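Below, chains carry the letters A, B, ... as their sequence lines are ordered, and counting in each starts from 1. Note that this is a predicted model, so its numbers are computed, not measured.
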Amino acid sequence: VDRLVEATQFFQKMVEKRYPHNEISYGVLVNGLCKIGFVSMAFGLLRVMEKSGCMPNAVVYSAIIDGFCKDGLLKEALILFSEMVSKEIPPDVITYTSLIHGLCKYGEQEDALKLFDEMTEREISPNVITFSILVDALCIDGMAKEANRLLQMMVQRGIEPDKITYTMLIDGFCLIGEIDEAVKIFDSMADKGHDPNVITCNVLINGYCKHWRINEAIKLFEEMSHKGLKPTTVTYSTVIGGLCQVGQVVAAQELFNQMEAHGQSPNILTCNILIDGLCKNHCLGEAMRLYHGMESSGLKPDITTYSTLIDGMCRAGKLKAAGKLFSCISEKGLSPNVKTYTIMINGLCKEGMMQEANELFSQMEEQGCTPDSCTFNTIVRGFLQKNETFEAIQLLDEMTKRNFLPE
RNA sequence: CUUAAGAGACAUAGGCGCU
């Protein structure tokens, strides 16, 4: 994939020299294009393929369908799916699984389930991946118990869950705060021949951290090396976040400084997590130091870095500095997003600077950044606290029009 | 018998409420 340009050129050369391509060479290139996000080009290649008399197969279709789904282009994916059906190219389990994944990811669970039934009708058996995707979808919706039942069902149908399935379920139980159930599953994995891997550990560590059980998180973190598992940047970032959450910023900073020596470099996310932790523990100076340190270590602060710092500054009462940093964002080649605007608007509201807040609110729409319900609620609250009822009512009206729920 | 192209899991920022 990292040498796709060369691959494309060679592919073209073969065409010029009249070496015919077969479905596999097309398949390789289509997949490469999809993987680097050039799905429409891959789609074009499918048309070329047809014209050159090489019948596209399910592999080519599935790769593009998957590419469309990953870009959120569900409609295009579904159209391509019906196209292959009408051309009597039978979709297989991977085609269905790609679509089911895409639909679940964008909240279309019902349609995903329809496809799941449809594939059974066509006697295409869902496999462990298909089931796992549904398990994950249930978990994400806070239905880990239902996901667990689905897992039992797959076992009954003779499909063995794998490490990934169990990891999803552990994550699901953590999400609803049932850490002990998550631990039970984690502990039972080895018996089933699926030793937890780094990601499984990361998920459980995250569960502990998010539920304030930092000591258990650290215990598992330390046990990892005994199990022959090397903590990754994600592991470190998770623990750093967990330490900050319980107020142990110094320990978090120490871990941050140690990770490099263990061969794991902090990335932007790691920095952002620590910057946020420092801000929330009233160490704005340290946060700024880290921010400045990022650039010298070759990490470009992203929009989350700026939003985090601006929020920290506002909460520290440094509204002026916050405003200054906000206006720096575009100089850095970044654009504020909804959260950045809302943070800044909230800062202004808290200081009673409603005129400035309102200006920024109009400005964001002009810049093509649509306020969400959180932005609206923030500014409405600001107006109400200053008894500027008229403005508040206007905004509430606007909220109704946009189908947002006022608090 | 061997070989080639397609699907799944982890860590960051905002208002209010809940603890």
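A/Asn202 places its CG atom 11 Å from the P atom of B/rC10, with the value rounded to the nearest Å. When the C1' atom of B/rA9 is taken as reference, atom CG of A/Asp195 falls 17 Å away, rounded to whole Å. Between the CE atom of A/Met168 and the P atom of B/rA7 there is a distance of 14 Å, rounded to whole Å. In this structure, the CD1 atom of A/Ile129 is 11 Å from the C1' atom of B/rG6, given to the nearest Å. One atom, CG of A/Leu33, and another, P of B/rG6, lie 13 Å apart when rounded to the nearest Å. Put simply, CE on A/Met49 is 15 Å from P on B/rA5, counting in whole angstrom units. In this entry the distance linking NZ of A/Lys230 with P of B/rC10 reads 22 Å, nearest Å. Following rounding to the nearest Å, A/Glu23 (CD) and B/rG6 (C1') show an atom-to-atom distance of 13 Å.
A/Phe326 has its ring centre no less than 6.0 Å from the ring centre of A/Tyr306. The distance between the ring centers of A/Phe68 and A/Phe43 falls below 6.0 angstrom.
Among the atoms of the strands shown, base atoms are found under 4.0 Å from some heavy atom of A/Val59. Within the 4.0 angstrom heavy-atom criterion, no nucleotide atom of any strand lies near A/Thr232. Among the atoms of the strands shown, none is found under 4.0 Å from any heavy atom of A/Asn22. Residue A/Thr165 is classed as a base contact, given a heavy-atom separation below 4.0 Å to a base. Note on A/Ile94: a base of the nucleic acid sits closer than 4.0 angstrom, heavy atoms only. Within 4.0 Å of A/Ser62, counting heavy atoms only, lies at least one base atom of the nucleic acid.
Every ring-ring contact (aromatic ring centres under 6.0 Å, His included) that A/Tyr236 has, sequence neighbours left out, goes to A/Phe221. In terms of the salt bridge (Lys or Arg N to Asp or Glu O under 4.0 Å) criterion, A/Asp136 has no residue partners (sequence neighbours excluded). Every ring-ring contact (aromatic ring centres under 6.0 Å, His included) that A/Phe131 has, sequence neighbours left out, goes to A/Phe116. The ring-ring contact (aromatic ring centres under 6.0 Å, His included) check on A/His211 picks up nothing, with sequence neighbours excluded.
Classification of A/Arg315 and A/Asp311 as a salt-bridged pair holds, one side-chain N sitting under 4.0 Å from a carboxylate O.
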5' to 3', nucleotides 12-19 of chain B under a 4.0 Å protein heavy-atom cut-off (B base, S sugar-phosphate only, - none) gives BBBBS---

Test side chain to side chain contact (heavy atoms under 4.5 Å, CB included) on A/Gln355 and A/Glu359; report intermediate values, then the result. CA-CA 6 Å; A/Gln355 196 185 323; A/Glu359 274 164 20; 3.4 Å; yes

A/Thr378 vs A/Thr375, test: side chain to side chain donor-acceptor pair (under 3.5 Å). Steps then yes/no. CA-CA 5 Å; A/Thr378 304; A/Thr375 321; over 6 Å; no

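Both key distances under 3.5 Å define a Watson-Crick or G-U pair, and RNA chain B has no stretch of 3 or more such consecutive pairs.
Between the side chain of A/Asp92 and the base of B/rA7 there is no donor-acceptor pair of N/O atoms closer than 3.5 Å. Donor-acceptor pairing under 3.5 Å, judged by distance alone, is absent between the side chain of A/Asn57 and the base of B/rG6.
Contact annotation: A/Lys70 does not reach the phosphate of B/rG6 (side-chain N/O to OP1 or OP2, under 4.0 Å).
Side chain of A/Ser237, nearest nucleotide from B/rA11, B/rG6, B/rG8: B/rA11.
In this pair, A/Tyr166 and A/His194 present their aromatic rings tilted. The plane angle is within the 30 to 60° band.
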